[in-house]
Novice: 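Got a structure here, written out as structure tokens. Questions coming.
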Amino acid sequence: MTKLEFYPVDVTYKITEDKPVIYMFGRTKAGERICVIDERFMPYFYVLPKKGENTEFLIDRLKRLESKKRDDYFRVIGAEFIDRNFLGSPMTVIKVYANTPAGVPVLREEIRSWNEVENIYEADILFVRRYLIDRGIVPMTLTEVEGDFASVKSRVPVFKAEKIMQSSNESLQPRILAFDIETYNPSNAIDMEKNPIIMVSFYAKDFQKVITWKRFNTKLNYVEFVDGEAELIERFARIIEEYGPDLIAGYFSDGFDWPYIKARADKYRIRLDLGWDYSLMKLKAGKAEAIQMNGPVSLDIFKHIDRVVSRKLRTDSKKLGDVAQELIGKGKTYVDMDKFAEVWDEGSDELEEYCKYNYNDSLVAYELTEALLPNLVEMVKIVGQPIYDVNMMSMSQLVEWYLMRQAPSFNELAPNRPSHDEIKKRRMQTYMGAFVFEPKPGLFHDIIVFDFRSLYPSIIASHNVSPSSLNCSCCADTAEMIPEIRGKMHYWFCQKKKGFMSYVIEDIIARRMRVKEIMKTTDDETKQKILDARQDGLKLLSNSFYGYFGFFGARWYSIECARATTAYARFYIKDVINKAQDAGFEVLYSDTDSIFMLLHGKDRVVAKKFIDKINLELPKLMELEYEGYYTSGLFVAVKEQSYGAKKKYALLSKDGHIKIKGFEMVRRNWSFVAKDVQQEVIRIILQENDVEKALNFVKDTIKDLKQRKVPLSKVVIHTQLQKPIAEYENVGPHVAVAKRMQDSGEEVGPGSMIKYVVVQGTGKIRDRAKMPDEVMGNEYDYDYYINNQVLPAVESIFSVLGHKKEELVQPEQSKLGGFF
DNA sequence: ATCGAGCGGGG
DNA sequence: GTGTACGCTCGAT
């Protein structure tokens, strides 16, 4: 027996001699690639017998269960009684072992039909995830194995584990290789079948390259020429093999670059055997593409940004350039993409510019990955699942897998995921949300803001809000009443025993505080960064518990818990508002956990004294904090919407920074005229603080539209065709135009970008949608552009200032009274 | 009001 | 994979 330490990165399983074997690809402490295999783990799930059934008979029947279908042979290999907790109550279930993971769904469905079975639990937990949880292995973290090297065909040594355990908290510094492709694209439709890949770039700390297959004069030392697309793809695979990365990073690479490469490789019958075990790179197509290799992990950093990071960003766009600009202060280099295909066809030296562009995209993807990796790695360590999975988990999934990982320590049986019908039902359920103190519309100065530190998590922890502490029998008569919902719906939380989720969130809060304490004791910058990422991850997680309670797809869904959380929150914030008013402050606005008050020249010390007093009366884990001071703020008259109120405000801090909340952004299928107007109006109001100027700007634009001074190019609307024209049941304007384009002999299909202009006339929009070329002069329908494009883009902004859209369209009457 | 489809990210 | 994105918005009905 040998001992070794390694960091597991990518985890999968294979069937060998009819038995499942866990494969952990990673790196040894010395930095060598390794594959550790573990044969000592079998899949299982739980069966709950119906009350009053003969359970001895059932366990016997289970043990004899087998299912043969052609080559598949699935069977139960063991069954035993086991005591668990289920949502706060003890429950005896039968733990059933299967011979292979694939057998679980088959056996599950068979057993489900049995009369003596009430329900089945934990029968949809991926084998690898189950293994990591049960064995206590945390990916990316140093793990100790005992066993021996085995002779298995592989690019890296294979070690067969007899004993395995996590040995320290130390995590791997992964080897990252970022890449990006450029494709030939003469029209603006993406066509993987027709158009070749013409460039591919790589960026790593110690390795940079751009490969292309047309030669031109260049002094760039990273450019490498090959003789064609097939060779480019082969070189691509060889570089990955030679560099041996842990993570292959890209931006939208699972959605674009990888599927593209796969499609082109298939065309040339090139095997992309990128796995460390020589396995092929696999693509799971569908709405959410997934790229699987054994060993190197595809890390599409866009996914993590889309699902977790984006809500913290100021930009609404998730384009590489915009996201990178905000996160790493670096954007895309500019090239004229419309000319790319032309330049490629010519093969001119101008291609060098496109190589630089391609190079920069890999560089930016690399730096973005590097910037987000500490947080991602900490999240991997908190949640305990592989980086590949964690990278694409949404917040609710991160919460759920954290709970799944904690559940065994509480002997808690995981509830099942909701059925389709259950989801429908849950979606219909609504409950009262946060309290919003409607702002007075207008411009104010001298504003102070307080907010509750982690309001929802601290409520969940303080008041034992948890599905398993809900309506316990022990406190039916004595439990604390939940404020706000008293009398209407009677329910309560146990006062004697901590519920699972409440305990877990309290533990997260405590852990975060400990991390923050440790941060104070070290000056080491690297350690600081890691610790900061850890506390940030814990905060993110605890902040998501409330949303998880009310999320229709959650296993531990509980509308009562969600309802109680917001009820307590409303109670506490209203209490603060009342006390603030009693203390003589003018409350301007309040939303959920924050309160905006006018200082009216009052000393800030007075305000601080006020929160100190509040904090004395709050439960231990709750705290009201000073958030900030703003020289001026613009508040919204909330416009009634079909569902709920939208919160809109803009604040200007002392350093000139503008903070905007609640303005929807324009999308790509808006005309330029609408986009331009919105952008300029926001700028004028927030930076120049000149509402009248902004109003005049819109009026001028409307005037220009009416006088047809706005060039046609600014009223063109771009919409992409998603499927063949014949498959459309509802014919929107772009489909109507596409039909005519097709009739006139143009090639139009899925992916085509349809450009159209709405022209004057009567009837449906689709009958008035014309190709830009068809439009005579400037005969666009200015009413349409005013009412459906320009006004919707700025309406919400002006409602902030109490101006109705009618003021914008009315002809100017007199200069004397301005707009009032 | 409700429903279906498009959008995002990528080139 | 012991799997099935997601939330919002517009135009049509």
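Everything numeric in this text was worked out from a predicted model, so none of it was measured. Because only heavy atoms are used, hydrogens play no part in the values below, and waters and symmetry mates are left out as well, while side chains stay in. Throughout, protein chains are lettered first and strands after them, A, B, ... in sequence-line order, and every chain is numbered starting at 1.
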Novice: So if I take every side-chain heavy atom of A:Phe302 and compare against B:dG9, C:dA12, C:dT4, which nucleotide ends up nearest?
Specialist: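 The closest nucleotide is B:dG9.
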Novice: So A:Lys764, base contact, sugar-phosphate only, or nothing? Heavy-atom distance under 4.0 Å.
Specialist: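 The residue A:Lys764 makes sugar-phosphate contact but no base contact.
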Novice: Which of the following nucleotides, B:dG11, C:dG11, C:dT2, is nearest to the side chain of A:Asp124?
Specialist: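 It is C:dT2.
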Novice: Going by the rule salt bridge (charged side-chain N to carboxylate O under 4.0 Å, His left out), which residues pair with A:Lys755 if we only count those two or more places apart in sequence or in a different chain?
Specialist: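 Checked A:Lys755 against salt bridge (charged side-chain N to carboxylate O under 4.0 Å, His left out); zero matches.
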Novice: Using atom names, set out every protein N or O paired with an N or O of nucleotides 3-5 of chain B below 3.5 Å, distance rounded to 0.1 Å.
Specialist:
from  : atom 1 : to       : atom 2 : distance (Å)
B:dA5 : OP1    : A:Lys723 : NZ     : 3.4

Novice: Kindly say if A:Arg307 contacts the phosphate of C:dG7, meaning a side-chain N or O under 4.0 Å from OP1 or OP2.
Specialist: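 Answer is no, no contact under 4.0 Å.
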Novice: Side-chain N or O of A:Lys318 less than 4.0 angstrom from OP1 or OP2 on C:dG7?
Specialist: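 No, because none of the side-chain N or O atoms of A:Lys318 sits under 4.0 Å from OP1 or OP2 of C:dG7.
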Novice: Who passes side chain to side chain contact (heavy atoms under 4.5 Å, CB included) against A:Thr430, sequence neighbours left out?
Specialist: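 Result, side chain to side chain contact (heavy atoms under 4.5 Å, CB included) vs A:Thr430: none returned.
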Novice: Roughly how far apart, to the nearest Å, are B:dG9 and C:dC8 at atom P?
Specialist: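 Roughly 15 Å separates the two P atoms.
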Novice: Mind checking side chain to side chain contact (heavy atoms under 4.5 Å, CB included) for A:Arg427 and listing every partner two or more places apart, or none if nothing turns up?
Specialist: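 Partners of A:Arg427 under the side chain to side chain contact (heavy atoms under 4.5 Å, CB included) test: A:Ile423, A:Phe552.
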Novice: For A:Asn99, what residues pass the side-chain hydrogen bond (donor to acceptor under 3.5 Å, both in side chains) criterion, not counting sequence neighbours?
Specialist: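 With sequence neighbours excluded, A:Asn99 shows a side-chain hydrogen bond (donor to acceptor under 3.5 Å, both in side chains) to no residue whatsoever.
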Novice: Under the side chain to side chain contact (heavy atoms under 4.5 Å, CB included) rule, collect the residues that match up with A:Pro186, sequence neighbours excluded.
Specialist: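 With sequence neighbours excluded, A:Pro186 shows a side chain to side chain contact (heavy atoms under 4.5 Å, CB included) to A:Tyr184, A:Asn195, A:Ala341, given in chain and number order.
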Novice: Consider the side chain of A:Tyr357, meaning its heavy atoms from C-beta on, and name the nucleotide among C:dT4, B:dG11, C:dG11 that approaches it most closely.
Specialist: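 Within the option list, the nearest is B:dG11.
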Novice: Residues in ring-ring contact (aromatic ring centres under 6.0 Å, His included) with A:Tyr13, at least two apart?
Specialist: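 Residues passing ring-ring contact (aromatic ring centres under 6.0 Å, His included) with A:Tyr13: A:Phe127.
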Novice: Given C:dT13, B:dG11, C:dG11, identify the nucleotide with an atom nearest to the side chain of A:Tyr784.
Specialist: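 Of all the options, the side chain of A:Tyr784 is nearest to C:dG11.
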Novice: Under the side-chain hydrogen bond (donor to acceptor under 3.5 Å, both in side chains) rule, what pairs show up with a residue in residues 730-739 of chain A, not counting sequence neighbours?
Specialist: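 Listed by first then second residue: nothing to list.
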Novice: Kindly point out which of C:dG11, B:dG11, C:dT2 is positioned nearest to the side chain of A:Ala123?
Specialist: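 So the nucleotide nearest the side chain must be C:dT2.
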Novice: For A:Ser253, answer base if it contacts any base atom (sugar-phosphate contacts may also be present), sugar-phosphate if it contacts only those atoms, and nothing otherwise; contact means non-hydrogen atoms under 4.0 Å.
Specialist: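 A:Ser253: no heavy atom of the nucleic acid under 4.0 Å.
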Novice: Can you measure A:Met393 atom CE to C:dT4 atom C1' for me and round it to whole angstrom units?
Specialist: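 For the pair A:Met393 CE and C:dT4 C1', the rounded distance is 15 Å.
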Novice: Is there a residue in residues 37-47 of chain A whose heavy atoms reach under 4.0 Å of DNA chain C, and which residues are they?
Specialist: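 DNA chain C contact set from residues 37-47 of chain A: A:Pro43, A:Tyr44.
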